[in-house]
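What follows is a set of notes on a single structure, which appears directly below.
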Amino acid sequence: MLQAVYTPPPAPLVKPPLHTVPPKGPAPPVKPPATPVKPYVPPPKAPAPPGKPYTPPPPTVSAPPLNPYPPPKPPTPPPTPYRPPVKKEDCVPLCEQRCRLHSRKRLCVRACSTCCTRCRCVPPGTYGNREVCGKCYTDMTTHNNRIKCP
């Protein structure tokens, strides 16, 4: 019978650390450059031509900077709040004229007639201009606090 002989595993390879041993001997000599480097010297200025000596131009006078924003316009006065009172019989034709372009013409005419009867006024045009008839017309609201008068 054969007997096995035990052999230990090989030792791991260890690299020696770099730069642990200072170099032996003197440092190598530094060679000077082949041609010496001259420092930069700016070229000389050309002499001034004979004649009048140089005088700088006079300073220019500039205009003040322009304001990029135009001056505010004075407020336009509101349209005259006075309109001659309307008779009750004239309310329906005036309201039909005002409500002619409304999508719900009958509803508009009914609300306008109520406002005309109370305030004795119908604003001009088919829309807006409510301030012409004054606070009575502009401040009238529905039960849901919406503007009543068209």
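- In this view, Lys87 and Glu89, Asp90 satisfy the side chain to side chain contact (heavy atoms under 4.5 Å, CB included) rule, not counting sequence neighbours.
- At most 12 heavy atoms of other shown residues, nucleotides or ligands fall within 6.0 angstrom of atom CD1 in Ile147.
- Closest approach of Thr117 and Lys88 over heavy atoms only: CG2-CE, 4.1 Å.
- Annotation: side chain to side chain contact (heavy atoms under 4.5 Å, CB included) contacts of Thr114 (sequence neighbours excluded): Arg118, Lys148.
- The shortest heavy-atom contact between Cys121 and Val86 is CA-CG2, 4.1 Å.
- For a disulfide, the SG atoms of both cysteines must be under 2.5 angstrom apart; this holds for Cys136 and Cys119.
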Quiz: residues 92-105 side-chain donor-acceptor pairs under 3.5 angstrom, not counting sequence neighbours:
{"residue": "Arg98", "atom": "NE", "partner": "Pro150", "partner atom": "O", "Å": "3.1"}
{"residue": "Arg98", "atom": "NH1", "partner": "Pro123", "partner atom": "O", "Å": "3.4"}
{"residue": "Arg98", "atom": "NH1", "partner": "Pro124", "partner atom": "O", "Å": "3.2"}
{"residue": "Arg98", "atom": "NH1", "partner": "Gly125", "partner atom": "O", "Å": "3.1"}
{"residue": "Arg98", "atom": "NH1", "partner": "Gly128", "partner atom": "O", "Å": "3.4"}
{"residue": "Arg98", "atom": "NH2", "partner": "Gly128", "partner atom": "O", "Å": "2.7"}
{"residue": "Arg98", "atom": "NH2", "partner": "Pro150", "partner atom": "O", "Å": "3.2"}
{"residue": "Arg100", "atom": "NH1", "partner": "Gln97", "partner atom": "O", "Å": "3.1"}
{"residue": "His102", "atom": "ND1", "partner": "Arg104", "partner atom": "N", "Å": "2.9"}
{"residue": "His102", "atom": "ND1", "partner": "Arg104", "partner atom": "O", "Å": "3.2"}

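- Partners of Cys149 according to the side chain to side chain contact (heavy atoms under 4.5 Å, CB included) rule, which considers only residues two or more places apart in sequence or in another chain, are Cys115, Tyr137, Met140.
- Taking the side chain to side chain contact (heavy atoms under 4.5 Å, CB included) definition, one finds that Asp139 meets it with Lys135, sequence neighbours left out.
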